Amino acid sequence: MIDRTLISEERIAARLDELAREIDTAYAGREILAVGVLKGSVFFLTDLLKRLSTPVAVDFLQVRSYAGTSSTGNFELVRDLSSDIAGRDVLIFEDVVDTGLTLRKLLGLLGTRQPRSLKIAALLKKDLPENADLPVDFLGFTIGPEFVVGYGLDLDEKYRNLPFVAIWDPTR
Ligand code: PRP
């Protein structure tokens, strides 16, 4: 069951305000192609993009890397982008960086398509040795290894629409 709120709606909103200012500064004079990684990133992406002054286009791709509460170690591109990213400033949006497998694969895949730049925005990054060297350019919060749900993150498709991030405790 849901054990406790880890990051409140208010803290998320305040951090998104800060991230939007950072992104506007970093991309001054440019146009961003925001790439949402379906499905979990949708809540983070839309709430953050509404705060930006920088012109932005949006596209989505979908990958699969999880089953239940544990990472499978597998990566599957379920749906590709509909845009050509060559020459564009691509900003990937993720809800959570867990092992980092998904983003490593995506950086490799999208990097071959000649974007002008390729950066990452993530709401959450787990503090794990596996992802320590993965560059997250715009990061909301670093969290522990607990399984979390809400604000896009699911447990077998449930809880994505919680407006906060909560810890899921399988023993309760
Ligand atoms: C989750 C999450 C990231 C990825 C992170 O996606 O949204 O994309 O796993 O894990 P990793 O760093 O270990 O690769 P998931 O496959 O559960 O799909 P979803 O976004 O539809 O929930």
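None of these values were measured; they are calculated from a predicted model. Counting starts at 1 for both ligands and their atoms, following the listed order.
- Of all the heavy atoms of L101, the ones lying under 4.0 Å from any atom of ligand 1 are found in both the backbone and the side chain.
- Contacts between L38 and ligand 1, counted as non-hydrogen atom pairs separated by less than 4.0 Å, involve the backbone only.
- In this structure, the separation between CD1 on I12 and CD on E10 is 9.0 Å, given to the nearest 0.5 Å.
- An N or O contact shorter than 3.5 Å is missing between V37 and ligand 1 by distance.
- Between S41 and ligand 1, no pair of N/O atoms sits closer than 3.5 Å.
- Ionic pairing of K39 and E157 is present here: one or more N-O contacts between side-chain nitrogen and carboxylate oxygen are shorter than 4.0 angstrom.
- Annotation: side chain of I92 is in contact with side chain of V37 (closest heavy-atom distance under 4.5 Å).
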Legend entry - Evaluation steps, side chain to side chain contact (heavy atoms under 4.5 Å, CB included), between V96 and L123: CA-CA 6 Å; V96 61; L123 177 69; over 6 Å; no
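- Residue D95 approaches ligand 1 through these ligand atoms, each under 4.0 Å from one of its heavy atoms: 2 (C), 3 (C), 7 (O).
- In E94, the part holding a heavy atom less than 4.0 Å from any atom of ligand 1 is the side chain.
- Heavy atoms from both the backbone and the side chain of T99 come within less than 4.0 Å of ligand 1.
- Residue G100 has at least one N or O atom closer than 3.5 Å to an N or O atom of ligand 1.
- In this structure, E22 pairs ionically with R15, as a charged nitrogen and a carboxylate oxygen lie closer than 4.0 Å.
- Among residues two or more places apart in sequence or in another chain, the ring pair (Phe, Tyr, Trp, His ring centres under 6.0 Å) test is passed with Y151 by none.
- A heavy-atom separation below 4.0 Å is found between R160 and ligand 1.
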Inset, instruction - Please step through side-chain hydrogen bond (donor to acceptor under 3.5 Å, both in side chains) for the pair S83 and D59, ending with a clear verdict. - result: CA-CA 7 Å; S83 322; D59 202 349; 2.5 Å; yes
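- Here S117 pairs with D89 under the side chain to side chain donor-acceptor pair (under 3.5 Å) rule; sequence neighbours left out.
- Counting heavy atoms closer than 4.0 Å to ligand 1, residue E130 contributes nothing at all.
- Considering backbone and side-chain N/O of D154, one or more are found under 3.5 Å from N/O of ligand 1.
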